[in-house]
2 protein chains.
Amino acid sequence: MDRFGMNVKFTAKAGQRDALVQILLGAATAMEAIPECEKYMISVSDSEPDTIWVNEIWNDAGAHKASLDQEATKASIQQAMPLIAGVEAFQIRPVGGKGL
Amino acid sequence: MDRFGMNVKFTAKAGQRDALVQILLGAATAMEAIPECEKYMISVSDSEPDTIWVNEIWNDAGAHKASLDQEATKASIQQAMPLIAGVEAFQIRPVGGKGL
């Protein structure tokens with residue numbers, strides 16, 4: 001089964017980046033209980049002050065899809081939505097490298 | 001010291017994606033000898049057949065910069081250049097999450 005990943009670039013509404021980071025860190029903590037989620041890493045950008053990147057890697061696409069139906073995920077999304085100005089999501093298929 | 005990362009989206013010249021993936025996997029193998037490089041993960045995209053993503057995480061920005069001066073890195077870049085049609089590079093500062 002191929003791994004599945006997402007590189008997601010969020011643009012927060014002005015002044016809301018750090019609040020959005022906190023929600024995403026909470027979502028990442030919830031992912032600790034989901035072994036099929038290998039990585040859910042949150043980064044900011046020093047050159048784009050409203051930008052947040054989430055880099056996710058999953059055992060397979062089905063596990064990612066199933067997570068979207070979980071109550072904890074739905075609650076995080078509902079909390080995050082009012083803080084988000086834009087989303088660019090890139091679906092990826094990890095093939096190898098260091099730390100995978 | 002803050003971690004340092006790069007999310008890099010390569011567009012390969014037509015028909016050259018898999019050759020470029022092999023060069024990047026070779027670069028990732030060289031990174032195994034560099035403890036300051038925590039992750040150097042290579043992915044493709046099923047929806048964009050010429051796209052390759054590299055997600056890099058380093059102990060700090062200085063270690064990343066030093067790696068660019070190493071002979072192995074320079075050789076990889078020289079091999080890869082003729083296969084690359086475009087590059088978008090996003091500098092990131094990892095702040096937390098699962099698998100970091």
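In what follows, chains carry the letters A, B, and so on, assigned in the order in which the sequence lines appear, proteins first and then strands, with residues in each chain numbered from 1.
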query: Can you tell which of Met31(B), Arg3(B), Glu48(B), Lys9(B) has the highest number of heavy-atom pairs within less than 4.5 Å of chain A?
result: Met31(B)
field: Euclidean distance, Leu100(A) CG relative to Ile42(B) CD1, rounded to 0.5 Å
entry: 9.0 Å
message: If I take atom CE from residue Met6(B) and atom CH2 from residue Trp53(A), how far apart are they, to the nearest 0.5 angstrom?
response: 11.0 Å
field: Part of Leu24(A) lying under 4.5 Å from any heavy atom of chain B
entry: neither
field: Nearest-0.5 Å distance, CG of residue Asn7(B) to CD1 of residue Ile92(A)
entry: 8.5 Å
- prompt: chain B heavy atoms under 4.5 Å from Leu25(A): which part of the residue, side chain, backbone, both or neither?
  reply: side chain
- request: Using modelled atom types only, decide if a donor and an acceptor are shared between the side chain of Lys98(A) and the backbone of Met41(B) within a distance under 3.5 Å.
  value: no
task: Measure distances from Ile52(B) to the heavy atoms of chain A and classify the residue's part below 4.5 Å as side chain, backbone, both or neither.
output: neither
- request: Would you mind checking which part of Gln91(B) comes under 4.5 Å of any heavy atom in chain A, side chain (CB onward), backbone (N, CA, C, O), both or neither?
  value: backbone
- prompt: Given the options Ser45(B), Gly96(B), Ala28(B), which has more heavy-atom pairs under 4.5 Å with chain A than any of the others?
  reply: Gly96(B)
- request: Considering only heavy atoms and a distance below 4.5 Å, find which of Gly5(B), Cys37(B), Ser47(B) pairs most often with chain A.
  value: Cys37(B)
query: Is it the backbone or the side chain of Val21(A) that comes under 4.5 Å from a heavy atom of chain B, or both, or neither?
result: side chain
field: Contact class of Glu38(A) relative to chain B, heavy atoms under 4.5 angstrom
entry: backbone
- line: In this structure, CZ of Phe90(A) is separated from OG of Ser43(B) (nearest 0.5 Å) by 13.0 Å
